[in-house]
Every structure is written in structure tokens, then in C-alpha cells.
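Keep in mind it's a predicted model, so treat the numbers as computed, not measured. Within every chain, numbering begins at 1; the chains are lettered A, B, ... in the order of the sequence lines, protein sequences first and strands thereafter.
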Amino acid sequence: MTGPDQAGSDLAGPDLGGSDLAGRQGLDLTAAPIENGWHAIARSDDAPLRHVYQTELLGRELAVWRADDGYLNVWDNRCLHRGVRLSIGSNEGSELKCVYHGWRYSSRTGGCTYIPAHPGQAPARTLCTRVFPAQERYGLVWANLGSEVDPGGPEPIEVLDDGAPFALRSLPVNASPLMVMSRLGDYRSDRGPGFEAEQEPTVTMTPMGPLSARVTSVLAGVEATVVFFVQPVDAGRVVVRGVLAETPTPSLEIQTLRHHAEALEQLRQVLEAAAGGEPRPAPLEAALQRVEIREPVSSRPGVGDDARVEVVVERKAESGRGVMAFELAPVSGELPTTQPGAHIDVFLPNGLVRQYSLTNRAGDQGRYVIGVKREADSRGGSAVLHDSVSEGDVLTISAPRNTFSLRRDARHTILVAGGIGLTPLLAMAETLNEGGHSFELHYFARSADHVAFAPRLGRLGPAATAHLGLSPVETGEALQEIVARHEPSSHLYICGPGPMLDAARQAAGHSGWPDPRVHFEYFKNSNELDRSHGFELTLARSGLTVFVGPGETILDVLRANDIDLPSSCEQGACGTCVLGVIEGRPDHQDVYLNASERESGERIVACVSRSVDDRLVLDL
Amino acid sequence: MWDTSRVAAYARRNPHIKPLLAGRAVSPETSLCVDPAVLNLWHPLAALSELSPDRDYRTTLLGYEIVHGIDAAAEPWVVLADRPDELLPVDTRYGYVWTSIGEPPGAVFDIPEALEPDRRLLNACSIQVATSAPRAVENFLDMGHFPYVHTGLLGEEPHTEVVDYHAGVEGGEVWARDCLFFQPVAAMSAAGGQMTDYTYRVPHPYCVVLYKTVAGDPSRRDVIALFVQAMTQEKIRAHNFLCLVDSTSTDNDLKKFQQIIFSQDKPILENQYPKRLPLDPRAETPIRADQSSIAYRRWLSDLGVDYSVVRAR
């Protein structure tokens with residue numbers, strides 16, 4: 001065991017021991033070592049599965065929750081929409097759901113994955129709650145709110161790394177962090193089992209950092225060490241988190257814990273009595289910020305749809321005949337938030353760009369998984385991925401885009417996949433399955449050998465049905481049978497080769513499905529611009545003239561031209577992307593501008609509104 | 001916002017408020033209102049029917065201590081606690097005691113339906129909530145929370161969609177029309193789920209009125225209103241006013257339904273922060289479903305309301 005005077009030697013922070021403290025006015029909680037420092041904010045067991053824990057650090061409220069895959073999330077405790085605490089929401093396993101309007105946020109990134117008031121619309125990618133780096137060590141959860149974070153996590157504490165650390169109960173105290181640091185030496189850890197009550201032990205307090213200290217008691221060869229981490233909740237409040245260097249043996253556990261419970265309570269009384277005689281420090285200004293317009297992508301030159309992300313091929317394996325599954329991991333940080341139905345562009349080493357749907361269900365953010373079918377007439381897209389790209393290679397991809405978004409408000413959902421069209425529908429099926437929604441997945445494949453992602457399909461149980469080796473006529477009959485069983489408020493999603501998709505849409509039409517409840521995605525989107533319903537957009541100040549096509553928004557086109565216009569809701573509600581109009585009549589599609597502003601035609605909301613005239617000139 | 005020079009300048013422009021502020025410490029803690037857009041309004045204090053002539057009642061309005069009561073003839077009176085000799089103006093519309101510390105308009109805003117002979121006028125409850133008045137109004141305007149907060153009553157998953165409706169300023173008030181939402185039990189008198197048609201109206205920065213389809217009589221609409229007494233910027237008493245067409249339910253049943261609804265809203269309101277309503281559209285993230293709140297926040301900005309909001313930078 002390490003001696004009391006060694007462990008802190010190379011980590012020693014400011015000298016906080018002894019009487020010279022009495023003259024100090026305070027500890028600057030906004031100083032860089034504290035603001036950019038790692039702080040213990042919870043015990044690991046405060047964040048059991050499917051729970052949301054609330055705590056506070058440096059005047060900021062935090063929601064702490066563990067996803068089912070074990071990932072620990074530490075977030076700003078505030079829903080982006082209306083400022084309701086996320087800690088009163090529910091932990092759904094891989095998404096956190098706000099209690100007020102059911103908004104869902106993905107584990108890891110904090111990106112919004114679903115807005116129930118608009119079930120058919122994919123939430124804007126810019127909607128992202130603030131997430132903080134977190135780590136677990138010594139039975140405690142650590143977080144860092146700083147702008148310059150040391151990714152290595154908290155400074156190692158040798159006596160704990162070498163021992164078998166055991167986190168004591170959390171002790172909230174109404175006293176300033178400085179006051180607490182100055183009195184930790186009063187902790188009586190020497191009355192526990194193994195110590196003789198009559199004798200006075202030697203107690204040593206060694207500061208380990210600005211807000212941590214080690215207290216060791218030695219008596220007749222028996223030593224007890226507690227390392228304290230002081231969580232600065234606010235200027236006048238802390239949580240003292242003690243960690244025993246050695247886990248007590250089972251026979252002494254109750255006795256030891258009872259002793260420490262009493263010792264902690266005594267410490268609290270000493271501290272609060274001392275704090276009571278001092279003026280109460282002003283609370284830290286709660287750092288409420290505007291909703292930030294940003295995305296937590298690891299690397300992103302370019303903006304919006306042009307955002308690029310570097311990923312490493314972590315796993316490549318055949319999954320069904322002719323289909324290669326790739327697991328793509330972030331090179332650093334976390335991958336941008338995905339939603340079921342989303343796809344990415346993959347920028348291939350040979351310069352080609354190919355689009356692939358992500359198979360990830362909502363909230364499953366650790367690795368992107370795509371399935372790539374080898375095309376017989378490949379012009380170098382799928383063939384390169386199959387033949388030349390190997391595990392360990394780095395690829396560039398775009399952030400996910402979602403043009404095939406999944407409603408989660410259907411009474412029943414029917415998913416129909418043909419061949420590799422399975423990929424987006426697998427993401428949907430797993431999302432619905434996770435949420436306990438009623439659904440069925442029909443997967444048409446050439447043979448049992450051709451079935452991709454078979455283990456994942458197996459886990460969907462009887463909801464997934466494979467239709468194998470059917471002729472076009474048989475496929476048509478099967479489709480008719482599937483879509484014939486529809487009830488009001490069910491939705492149908494189809495993805496597959498063109499002929500099959502056409503047959504399915506036709507069958508749905510015959511069975512009386514209204515168009516708004518039939519959703520489909522063709523493999524290959526025609527990229528031909530229909531110039532008949534677009535308009536010309538001129539930017540007066542930058543002198544740029546561009547064309548806004550029928551399916552595009554002004555915002556899309558500006559971004560494609562590297563003009564970074566801030567946006568937030570992307571539904572025409574928040575007014576973030578309002579621009580001045582110099583010439584041309586806007587076709588207002590927003591709900592932000594009031595009647596007189598609409599009338600005047602002087603302003604336009606770029607994310608949704610368009611132009612009545614063939615030409616629109618903006619003040620940009 | 002609370003600097004003394006501003007208070008002095010305000011007092012110069014508004015001579016009637018000078019004596020009101022004399023000798024008082026104005027600070028965020030006392031939350032004393034000096035905002036003319038709010039001082040010169042009528043504010044609700046209590047339901048008349050719940051007052052007894054035997055005693056005085058103390059309450060807080062806009063940070064000022066208030067004493068009020070009714071005399072033997074059931075006539076209400078209101079004074080500032082430290083000016084017991086100066087009676088404040090009183091109105092008794094809709095069965096409530098309304099007063100003003102400034103110079104109020106002639107009468108409290110109109111709710112014509114309240115004059116119909118067969119209407120049941122009730123105060124369902126007056127409940128204290130740790131939030132600001134505009135947060136309570138905005139929550140009342142909001143349909144998107146029905147399936148989550150009023151599950152099984154005003155909404156139910158999977159019926160979560162808020163279809164586009166029309167909101168804007170008409171005649172100096174905020175109106176939201178054609179608001180459709182699926183409701184399992186829209187009211188005491190409702191049997192089974194139905195698409196309910198709502199109209200909302202904000203005639204006063206701290207008061208909001210709702211008109212909803214009467215089950216079984218499409219020609220008439222129930223009126224439910226929230227009259228919010230801003231005790232301070234971050235503490236309110238919400239007076240839940242019912243003005244219903246219902247000849248069968250008992251008073252208690254009608255009140256109880258509204259009490260359940262409001263008791264579901266209260267914990268949400270108390271977990272919202274900042275408590276004051278941010279008027280900067282980017283302080284939070286509105287969506288299309290929030291069209292009425294977008295209009296409400298812009299209207300408050302245009303009125304120059306300062307008290308209980310966080311003004312845009």
C-alpha cells in the first residue's frame with residue numbers, strides 16, 4: 001500500500017491543507033482547471049438501466065442516463081423544445097423521451113430522433129441537445145463541462161488504481177467547495193473496524209487536486225484511506241464523494257459502512273456549522289444558452305448535407321449471398337445522429353459516390369451498419385466495396401439524410417422489402433419492435449441463401465416473414481395478399497427493386513390504401529432536375545445565382561453552395577433562417593411571419609418558403 | 001432590468017405609480033412590478049363565491065402584498081397591505097374579484113358566452129404554481145402535450161399529430177382557430193373518443209380562453225379559461241374558469257375533471273426553466289405545432305411586456 005505522503009506528490013494541486021486557508025476568500029470556480037476539469041457527479045449505481053438521474057455541476061443541471069448497451073449519457077437537463085427537465089422524462093433504452101411532448105433524443109449524440117406532433121417529418125439534424133463527455137472510474141461517474149476536455153478522463157489516483165476502490169454514499173453539503181476542502185482533514189475515518197477507540201491515530205490529509213484530497217489514518221500498523229472528490233454543485237453547495245481505497249471484506253462490510261455513514265454525517269454537521277457563520281456566496285449564473293445550431297459530428301468540413309464524416313471499417317462480413325455488411329465506426333467522437341430510414345453517401349476511394357441505407361434502429365449510434373449488394377453491372381461502386389475495401393480502412397461518408405422517415409403513430413405498420421431494400425426497413429422494424437409497436441415485416445428474397453442479416457431478422461420473431469424464390473407473378477399475388485389486410489390508421493412502407501415497388505404500390509391502390517399512408521423509396525433516385533417548378537435565386541451581396549429545384553429548399557441550395565445559414569427547426573416555425581427579400585414575391589410556407597410581414601413580402605423563411613415568381617433576389 | 005434609474009424614469013413617465021413605489025425596495029427578489037404593460041391591466045385575485053364576509057384575505061399580486069375581502073353586502077374591496085386607506089379598483093366579471101394597481105381599462109375583457117342564461121359558471125380551482133404566468137398561458141394553448149400529460153383524457157398515443165391550424169393576431173388579441181385533436185374523453189359530458197375542434201383566444205397577457213365543441217350540440221361551444229394571477233414573476237395562482245353547456249353533471253364532477261387536468265399540468269410547469277417565458281425565438285425550439293405560442297410570444301414582445309418574461313436580446 002502506498003504511503004500517505006507519496007500518492008499526491010506529482011498531482012498536488014494548490015496547497016489547501018493547514019491554517020493558511022482561513023485567510024482565503026474563495027476558490028475560483030470559473031478558473032480553467034475547474035471549468036475544464038473532470039468532476040465526479042454520481043455513483044455508477046445511481047444510473048441503473050432505464051433510469052434518469054438528476055444532478056448539478058457548477059450551476060448547470062445535468063440528466064445522467066445509461067443506455068441498454070451500457071453507454072453513459074450526461075446531458076444538459078433541458079428539452080430543446082420547451083425547457084422541461086429531461087430527468088423527469090423516460091429512459092427508453094437507447095432514446096430518452098421527454099415527458100412533455102414525447103420528443104425523443106438518441107443516446108450518445110443527443111440528436112432528436114422523433115417529434116410526435118409531426119410524425120411524418122424527420123426532425124432537423126440540427127436539433128441536438130448538449131451532451132458532455134463522461135467516464136466511469138472508481139465506482140463513480142465523471143463528467144467534464146469544459147471547452148478544452150482532456151479525453152483521457154480524470155487524473156488517475158494511484159492509491160485507488162492499485163487498490164479495490166469502493167464508493168461511499170454521496171454526501172450533499174450546504175457549504176462552499178473551498179470550505180469543504182479546508183475541513184476534509186476533520187474526517188474521522190479512524191473509528192472503524194480495526195481501530196482501538198481509545199488511541200489517537202495519525203491522520204494525514206493530502207490534497208490531490210483543486211477539489212480532491214486523500215485522508216489516511218494510521219494506528220498501530222492499521223491504515224484506512226479515503227479519497228474525497230468534491231462535486232461543486234454551485235458556489236455554496238457541494239456533494240462530497242468518498243471512495244475507500246480498499247473494499248471492505250464481506251464480514252466487515254456492514255460495520256464499515258455504518259461507521260462511514262456516521263463519520264460522513266459528522267463531517268456534514270461540522271461543515272454546515274462552519275458555513276453557517278459565513279456570508280452565503282452568490283450562486284453561479286446558470287448558464288442558459290440559446291439552442292445551439294450545431295451537430296456533434298467528429299469531423300465536418302462543409303455544412304448541412306455536405307457534412308463529411310471519417311469512419312473506419314471495423315467489420316466486413318458477408319451477410320447473405322452477394323451482400324456484404326460493413327460496420328463503420330467513428331474515427332473520433334460520435335457518429336452523427338441517425339433516424340430509421342436514413343441513408344448516407346459513401347465516398348469511394350475511386351471517386352464514386354454511392355448511397356446506402358443505414359440498418360441502425362433509432363438510438364443505436366455506436367456503429368453504422370450498411371448492407372452492400374454486389375451489382376452484376378457494377379461500374380465500380382459495389383465492386384470496390386466488396387473487393388478493395390477491407391477492415392481497418394478509413395472511408396469518408398456524409399451525415400445521414402432521411403427522406404424515408406418512419407411514423408411511430410400507426411396502429412399497425414406493414415414493411416415490405418425486396419432484396420437489399422431490406423436495409424432501411426430493418427432499421428424501421430427494429431425501432432418499432434423496441435418501442436412495442438404492432439408491425440409486420442415481409443422480406444422477398446431469391447432463396448434462403450440470399451437472406452441478409454438473418455440473425456437480426458430472427459430476433460424479430462413471428463413479425464418477420466421471408467418470402468423465398470417467388471416468380472414475379474407469385475410475388476404480385478403475395479403482395480396483394482399482404483396489402484389486402486389493412487385497417488384504418490395503418491401505414492405501409494416499401495423498399496425494393498423498381499418493378500416490385502410498382503407492383504406493391506399498385507396493389508395497395510387497388511386495396512384502397514390512401515396515398516398518404518403508403519411510403520416508398522426507390523433504390524435509384526433520378527437526379528434529373530425538373531426546372532419547370534423551380535426558380536432562380538440570386539444573392540445580391542455575394543452575386544451568386546443558383547437554381548432551386550422542385551424538391552429542394554432555399555436552405556438546401558444555399559448549403560450545397562457552401563453558404564452556412566443558421567437553421568434550427570427546419571419546419572418554418574422558429575425564424576432562425578429568416579432572410580431579407582429584395583426582389584420577387586415569396587411563396588410563404590412558414591408559420592413564423594405574421595400577417596403584415598407576409599403581406600409586405602420583405603422577409604422569407606428559407607427552410608420552407610419558395611418563390612411565386614421565376615426569380616427571387618435575397619439580401620445575402 | 002431592475003436598475004433604479006429605470007424605475008425612476010418609469011415613475012416620471014407614469015406619475016400615478018410614483019406613490020406606489022415610494023419607500024419600496026425594487027429588486028429581483030421582491031419582484032415588484034414596474035411594467036406599465038402589466039400594471040395597467042385587470043388581474044384576478046379570487047372567486048367571489050369562495051369568499052366569506054367574516055375575514056380578510058391576504059395575497060400577492062405582481063410582487064405587492066394585497067389585502068381583500070367582501071363586505072356584508074358581498075361587495076368586494078381590495079387594498080395594498082401598506083395603504084389600507086386607498087381602495088383599488090375592482091371588477092367582478094365572471095364571478096371573480098379583479099383589481100388593478102395601475103390604471104385599468106373600463107372593464108375586464110368580454111366573454112359573451114358567459115351571459116347566456118343556461119351557462120354553468122364555475123371556478124374549478126385556484127391553484128398556486130411555481131412558474132410564470134406566460135408559461136401557464138402557453139401550456140394552456142398547447143395541444144401537443146395532450147397524449148403525454150393528459151393521457152387517456154385529452155389525448156392518447158398513437159394520436160399525437162398536430163395538424164396545421166391558423167394562429168395570428170385579430171383585434172389586438174391572439175387567436176388560434178381550426179385546432180383539431182383526437183381526444184379520448186374531451187369533457188365530462190363526452191362518451192368515447194372524438195376529434196375535438198378547439199379555438200383559443202388570448203385577450204390578456206396572462207389570461208387565455210378556450211372554446212371547444214360541445215358533445216352532442218355542434219352549434220354551441222364550451223368555454224374554459226385560465227385567469228392567471230401573477231403573484232410574482234415566478235409564482236402564480238391559476239384560476240380555472242368553467243363556462244359550460246351541461247345540464248346533467250354535478251358541479252363537483254365538472255370541477256373535478258378540470259382539477260385533474262390542471263394537476264397533471266402543474267408538475268410539468270414546475271419543471272420548466274427558465275420559469276419566465278423566453279421571448280427570443282431561438283431560446284427554445286418551436287415547431288409548426290407551436291404556431292399559437294409563436295404568435296403569443298411575438299404579441300407579448302410587441303405589447304412590450306416585461307414582467308414574467310425573458311426579453312429577446
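Between the side chains of A/Tyr100 and B/Asn271, not a single donor N or O lies within less than 3.5 Å of an accepting N or O.
Contact annotation for B/Asp265: neither backbone nor side-chain heavy atoms come within less than 4.5 Å of a heavy atom of chain A. Contacts of B/His159 with chain A are made by side-chain atoms alone, with heavy-atom separations under 4.5 Å and no backbone atom involved. Within the 4.5 angstrom heavy-atom criterion, no atom of A/Gln54 approaches chain B. Contact annotation for A/Asn77: both backbone and side-chain heavy atoms come within less than 4.5 Å of a heavy atom of chain B.
Contacts with chain A were tallied for B/Arg135, B/His166, B/Glu138, B/Glu157; B/Glu138 has the most, counting heavy-atom pairs under 4.5 Å. Between chain B and the options A/His81, A/Arg408, A/Glu61, A/Arg82, the largest number of non-hydrogen pairs under 4.5 Å is found for A/Arg82. Between chain B and the options A/Gly572, A/Pro119, A/Cys569, A/Ala410, heavy-atom pairs under 4.5 Å are most frequent for A/Pro119. When the candidates B/Pro278, B/Gly144, B/Ala295, B/Pro147 are compared by the number of heavy-atom contacts under 4.5 Å with chain A, B/Gly144 comes out ahead. Of the listed residues (B/Leu277, B/Ile294, B/Asp164, B/Val169), the one with the most heavy-atom contacts under 4.5 Å to chain A is B/Ile294.
Distance alone, capped at 3.5 Å, is enough to place a donor-acceptor pair between the A/Gln571 side chain and the B/Arg288 backbone. For the pair A/Arg78 (side chain) and B/Tyr273 (backbone), a donor-acceptor distance under 3.5 Å is present.
Taking CH2 from A/Trp103 and CD1 from B/Ile287, the interatomic distance works out to 5.0 Å, rounded to the nearest 0.5 Å. Expressed to the nearest 0.5 Å, how far CZ of B/Arg298 lies from CG of A/Asn594 amounts to 4.5 Å. One finds the CD1 atom of B/Ile268 at 9.0 Å from the NE2 atom of A/His101 (value rounded to the nearest 0.5 Å).
The pair B/Glu270-A/Arg85 fails the salt-bridge criterion, with no side-chain N (NZ, NE, NH1 or NH2) lying under 4.0 Å from an Asp/Glu carboxylate O.
Heavy-atom neighbours of A/His51 NE2 from other residues, nucleotides or ligands within 6.0 Å: above the threshold of 12. Atom CG of A/Asp515 is surrounded by 12 or fewer heavy atoms from other residues, nucleotides or ligands within 6.0 Å. Residue B/Lys266 places its NZ atom among more than 12 non-hydrogen atoms of other residues, nucleotides or ligands, all under 6.0 Å distant.
In terms of heavy atoms, B/Val149 sits closest to A/Val99 at CG2-O, 4.0 Å.
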